[in-house]
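Right, one structure below, let's go through it.
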Amino acid sequence: MLPRISATHVSVKSFERNRVVPRLPSAFMVDGYEPPIIEAKWQQRWAADGFYNVENDDPRPHWYTLCMYPYPSGAAHMGHVRNYTFGDLIVRYRTMNGYAVLSPMGFDSFGLPAENAAIKTGRHPREFTDERIEMLRSSILRIGAVYDWRRQVTSHSAEYQKWTQWIFLKFLEAGLAYRRNAPVNWCPGCQTVLANEQVNADGTCDRSGDIVEKRDLEQWFLKITDYAQQLLDDLDDLDWPERVKIMQRNWIGRSEGAEFSMAVVDASGQPRSDGTSIKVFTTRPDTSFGMTYAVMAPEHPLVDVVVTDDRRAEVSAFVATARKASDVERMSSEGSLDKRGVFTGSYVLNPFSKDPVPLYLADYVLMGYGTGAIMAVPAEDQRDWDFAKAHDLPILRTIQPPADFDGEAFTGDGLHINSGFLDGMGKTESIAAAIAFLESEGIGKGTINFRLRDWLVSRQRFWGCPIPVINCDDCGMVPVPEADLPVLAPDDVEFLPTGESPLGLHAGFFETSCPKCGKPAHRETDTMDTFVDSSWYYLRFCDPWNTEQPFSTEAVNAWMPVDQYIGGVEHAILHLMYARFFTKALSDLGVAPANLREPFTRLFTQGMIRLDGDKMSKSKGNLVAPEEILDTDGADALRLAHLFVGPPQDDVDWEGVGIDGCSRFLHRVWRLALGETGSAPADRAPNERDTELERRTNRLIVKVTDDYERWAYNTTVAAFMEFTNELYRYVQTDEGPRKATLDAAIDTLMLLMAPMAPHITAELQEMRHGDDIHRLSWPVADESMLAVEFVTLVVQVNGKVRDRIEVPAETDAATAEAIALASEKVQAHLGGVPPRKVICKPPTLVNLVAG
RNA sequence: GUCGGAGUGGCGGAAUUGGCAUACGCGCUAGACUAAGGAUCUAGUGCCCGCAAGGGCGUGGGGGUUCAAGUCCCCCCUCCGACACCA
């Protein structure tokens with residue numbers, strides 16, 4: 001019987017035509033291991049028997065394993081294979097350890113590719129998406145991963161959209177969702193707004209190549225900044241990779257400082273009649289005496305007020321340029337700082353020195369951070385230094401730099417000078433004193449600033465979840481009543497290559513009536529960022545059948561928080577931050593349980609797959625398709641290869657993934673388990689060699705269990721190979737194997753390998769014993785068999801290994817020293833002189849320090 | 001620029017707590033089986049000197065701590081990733 005292999009790989013015609021050697025299972029002719037056949041068999045059985053479907057009231061202890069739900073891009077690629085291999089082995093391992101494991105799968109099914117395809121082909125994105133979901137689903141099945149498919153969630157389904165919109169309305173009601181004008185990326189070629197990820201690094205449009213501009217448009221935001229401090233604080237308790245936590249901390253960007261107002265004055269220090277002042281934020285209020293000018297962002301609302309008439313023309317020109325400038329131009333103007341700022345003609349009064357200092361506009365000050373204006377202290381800030389040099393502004397040191405300091409701005413700590421009442425103080429002390437001064441003067445206070453901005457969630461797109469709001473000329477913005485949810489995008493739409501969302505052009509969707517007054521009104525045509533969908537899907541998995549609410553608190557309590565979340569490190573910031581924000585907000589709104597403050601207890605971020613150093617992706621055209629390997633070497637070999645290639649968190653180069661070695665190993669296991677290698681087993685009392693193998697078997701249980709717990713899967717596979725090599729030697733000895741010993745060794749190996757190579761172990765277990773390996777319990781080592789009888793005593797002279805001696809494991813220090821000194825090799829290196837010092841770590845090491 | 005991660009044989013990597021560097025696999029070499037081998041089995045394989053016994057060197061580079069350093073400390077180099085004017 002031939003294994004089922006797709007015709008293109010074995011047909012003689014294709015062989016001759018392509019002159020390519022077809023990829024055949026390396027050893028299928030010599031043993032009965034035919035992965036495509038047994039894998040299909042077991043996958044069908046797992047799908048049919050529902051063993052991995054779990055109920056919320058399952059009496060076993062609960063465990064929730066989740067892989068980040070994928071965007072349905074078609075057949076699975078190697079990144080999926082890697083991700084789901086990790087997830088699946090945990091599901092199977094935890095199940096064998098007696099847990100009820102929730103392992104759901106769903107699809108992040110809104111997004112641009114489907115919409116772009118619709119524009120290209122005219123097909124509705126839903127059709128396209130549903131098709132892709134089926135492709136991905138079936139190729140995930142072929143990896144052998146098991147899920148509770150009853151719980152599948154797709155973000156474009158009507159039910160899911162209904163609850164996404166319901167949650168949005170809750171946020172709106174609570175003031176967590178709001179609308180305001182914001183600058184967005186506008187592509188003049190496509191006549192539409194672009195998401196940041198659609199803008200290339202050089203500031204051009206991903207699709208048309210036009211230079212993207214900034215435009216002000218009404219946009220929807222979610223108030224994640226309300227949670228900035230909590231999002232920062234709660235990171236500490238999460239069992240997450242440290243680098244992800246660091247990235248999140250940096251993204252939140254908390255900084256302590258002070259905020260204070262300065263009166264706008266003329267050159268002589270006379271305040272304006274309207275009493276205008278500007279507010280600045282600084283982290284270094286202690287350096288205020290060194291402020292020799294101040295700067296506002298070009299977008300600052302007071303620009304028009306403070307600019308003097310003689311400067312107006314120049315300032316207006318500067319503001320216009322700065323606003324129009326793309327990010328590219330802003331960056332390329334580096335080095336020409338004189339052109340990146342302009343004097344307003346006004347001054348502000350330095351409240352510390354009481355001196356008037358010039359007020360500038362410069363594009364290095366951002367409206368979106370702090371107050372949009374700064375005090376400039378060139379002596380202690382390098383950007384201010386550079387700007388001061390370019391504009392011939394004075395520089396006054398307020399901190400004494402060390403004698404050997406040869407830099408420009410000095411940002412370190414030191415004693416204050418030229419600083420009035422702060423003179424002689426260090427940094428910490430003077431910051432406190434400066435804040436106290438601002439407060440006593442009533443012009444400022446200590447404040448905390450975050451870099452984190454509110455989350456812009458509106459997208460001018462069709463293929464996303466519509467924002468459930470109606471705009472009425474009389475009533476303004478009116479939420480869609482809950483009974484009318486979900487608001488769904490229409491089916492009969494035309495996709496034009498203009499880039500404009502078809503929702504606004506579709507009268508049936510756009511034209512509606514106001515739920516409040518009943519007059520004609522218009523639907524909101526913006527849809528939500530797909531990150532909104534992925535911010536709560538893990539909650540829906542707990543209760544996917546609920547038609548009354550997005551999920552019940554009981555169901556969520558049964559599983560949340562996720563015990564193990566697995567995904568790519570590319571989501572380290574946005575997705576994980578948004579999901580954490582949603583969990584906290586839903587908890588505060590009473591939708592999620594009050595005590596659920598974090599969604600993901602443990603996070604694992606896997607490395608990327610590269611090909612010759614490049615990130616493997618469809619757009620780069622360097623994909624290695626898993627299908628071919630699944631058709632030949634099989635899913636188990638592919639899974640093992642992914643696990644064996646290196647530590648799970650590291651990036652891997654596809655070249656290094658050794659399928660052949662893993663396939664060969666599985667064939668070896670197959671032949672061993674079915675007695676196709678070595679001498680016939682005998683029934684006998686255990687001899688020394690048998691007992692040693694039993695000890696090794698028990699040690700393997702300990703080693704592998706430990707490895708599973710600490711994600712050291714590459715060394716687990718190595719241990720399996722090592723053990724199998726040992727068994728080969730064992731069965732090939734003259735006296736042959738002892739049946740009971742060999743069977744126990746192989747049975748144990750099967751159990752330990754089952755989560756990683758689920759098909760072959762299931763098949764062999766069934767052939768050997770007629771039962772189902774995945775329903776058996778994880779093995780426990782026999783403590784009495786873990787002892788080691790003999791160990792190698794390493795003898796060093798001056799730290800260099802000079803001899804190795806087998807000694808009983810219970811050898812004590814004195815004996816070890818005596819044995820070491822008795823070694824001829826050691827004596828030769830000591831040169832007959834007794835050692836000056838002896839370090840003894842019995843029973844494995846003695847280091848003799850020569851005199 | 002700032003922050004983070006990494007650098008070990010020809011290659012992927014192992015060494016969990018400062019204690020035998022290079023487990024396991026790939027590749028390569030030799031042998032066995034064979035009509036044949038891109039199958040299978042067995043053995044060898046860090047580099048240098050040496051017939052061998054043995055010796056020397058060796059974890060990006062330089063210094064240090066220690067009886068002992070891939071592992072700890074300081075400086076430097078290279079590569080990768082994230083954020084990029086955040087006051």
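Proteins come first, then strands; the chains are lettered A, B, ... in the order of their sequence lines, and each starts at number 1. Quick note: numbers below take in every heavy atom, side chains included, and nothing from hydrogens, waters or symmetry partners.
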Test item: A:P358 and A:L393 side chains (from C-beta on) under 4.5 Å apart, heavy atoms: yes
Of the listed nucleotides B:G55, B:A43, B:A87, the one nearest the side chain of A:V365: B:A87
For B:U59, the Watson-Crick or wobble partner whose two distances fall under 3.5 Å: none
Sugar-phosphate, base or nothing in reach of A:R802, heavy atoms under 4.0 Å: sugar-phosphate
Separation of the C1' atoms in B:C11 and B:U45, to the nearest angstrom: 14 Å
Integer-rounded Å distance: B:A87 P and A:F450 CZ: 12 Å
Listed nucleotide nearest any side-chain atom of A:V794, set B:C20, B:G4, B:C57: B:C20
C1' spacing across the pair B:C72 / B:G54, given as an integer number of angstrom: 34 Å
Within 6.0 angstrom of A:E824 CD, more than 12 heavy atoms from elsewhere: no
Geometric class of the A:F531/A:H575 ring pair [parallel <30°, tilted 30-60°, perpendicular >60°]: parallel
Mate of B:A6 where both pairing distances stay under 3.5 Å, Watson-Crick or G-U: B:U78
4.5 Å side-chain heavy-atom contact, A:Y364 and A:V295: yes
A:R664 vs B:G27: side-chain N/O to OP1/OP2 distance below 4.0 Å: yes
Of A:G661 and A:E722, the one whose closest RNA chain B nucleotide lies more 5': A:E722
Donor-acceptor pair between A:T283 and A:E256 side chains, under 3.5 angstrom: no
Side chain of A:V801 - closest among B:A21, B:A87, B:C85: B:A21
Whole-Å distance separating the OH atom of A:Y728 from the P atom of B:G25: 13 Å
Under 3.5 Å donor-acceptor pair, A:R249 side-chain atoms to B:C3 base atoms: no
Complementary nucleotide for B:C51 - Watson-Crick or wobble, under 3.5 Å: none
Rounded interatomic separation in angstrom, taking NE2 from A:H575 and C1' from B:A82: 18 Å
B:U16 to B:G7 separation - P atoms, rounded to the nearest Å: 14 Å
Atom-pair distance (CE on A:M262; P on B:A87), nearest Å: 17 Å
Pair partner, B:A30 [Watson-Crick or wobble, under 3.5 Å]: B:U42
Value in whole Å for how far the P atom of B:A82 lies from CD1 of A:I573: 9 Å
A:D707/A:K703 ion pair, N-O < 4.0 Å: yes
Distance test, side-chain N/O of A:R729 to OP1/OP2 of B:U42, below 4.0 Å: no
Phosphate contact (B:U42 OP1 or OP2) by A:Q732 side-chain N/O below 4.0 Å: yes
Watson-Crick or G-U wobble mate for B:G1, both contacts under 3.5 Å: B:C83
Closest nucleotide among B:C85, B:G4, B:G55 to the A:R243 side chain: B:G4
Touch class at under 4.0 angstrom, heavy-atom based, for A:T844 against every strand present: nothing
Pairwise side-chain contact, A:Y730 with A:Y728, heavy-atom cut-off 4.5 Å (strictly under): no
Nucleotide opposite B:G70 in a Watson-Crick or G-U pair, distances under 3.5 Å: none
Check: A:D386 and A:E408 side chains under 4.5 Å, non-hydrogen atoms: yes
OP1 or OP2 of B:A23 under 4.0 Å from side-chain N/O of A:N725: no
Test item: A:T844 and A:V794 side chains (from C-beta on) under 4.5 Å apart, heavy atoms: no
Distance, P atom - from B:A15 to B:C75, rounded to whole angstrom: 28 Å
Base-contact (B) and sugar-phosphate-only (S) positions in nucleotides 62-74 of chain B, heavy-atom cut-off under 4.0 Å, - elsewhere: -----BS------
P-based separation of B:A35 from B:G46 [nearest Å]: 35 Å
A:F644 and A:F665 aromatic centres sub-6.0 Å: no
Within-4.5 Å side-chain heavy-atom neighbours: A:L638 and A:M78: yes
A:D381 vs A:I374 side-chain heavy atoms within contact, under 4.5 Å: no
Base-pairing assignment for B:G25 (Watson-Crick or G-U wobble, both under 3.5 Å): B:C11
Spacing of the P atoms in B:C57 and B:U34 (rounded, Å): 49 Å
Stepwise salt bridge (charged side-chain N to carboxylate O under 4.0 Å, His left out) check, A:D31 with A:R668: CA-CA 9 Å; A:D31 63 33; A:R668 274 167 72 81; over 6 Å; no
Sugar-phosphate, base or nothing in reach of A:R451, heavy atoms under 4.0 Å: base
Any donor-acceptor N or O pair under 3.5 Å, side chains A:S255, A:N449: no
Selection from B:C83, B:C20, B:A43 that lies nearest to any side-chain heavy atom of A:W251: B:C83
Distance between C1' atoms of B:U65 and B:C77 (Å, rounded): 23 Å
Nucleic acid contacts of residues 373-381 of chain A, taken as heavy-atom distances under 4.0 Å to RNA chain B: A:I374
A:N449 CG - B:A87 P separation (whole Å): 8 Å
Atom pair distance, as rounded to whole Å: CE in A:M577 and P in B:A82: 16 Å
A:L574 CG - B:C83 C1' separation (whole Å): 11 Å
A:E380 and A:T398 side chains, donor-acceptor separation under 3.5 Å: yes
Parallel, tilted or perpendicular: rings of A:W711 and A:Y713 (30°, 60°): tilted
Which nucleotide in B:C26, B:C83, B:A21 has an atom nearest any side-chain atom of A:R804: B:A21
N/O (side chain, A:K800) to phosphate O (OP1/OP2, B:G19) under 4.0 Å: no
Touch class at under 4.0 angstrom, heavy-atom based, for A:F720 against every strand present: nothing
Whole-Å C1' distance, B:A69 and B:C85: 43 Å
Base-pairing mate for B:G18 - Watson-Crick or G-U, with both contacts under 3.5 Å: none
Contact letters for nucleotides 10-18 of chain B, in which S counts primed atoms plus P, OP1 and OP2 and B counts the base, heavy atoms under 4.0 Å: --BSSSB--
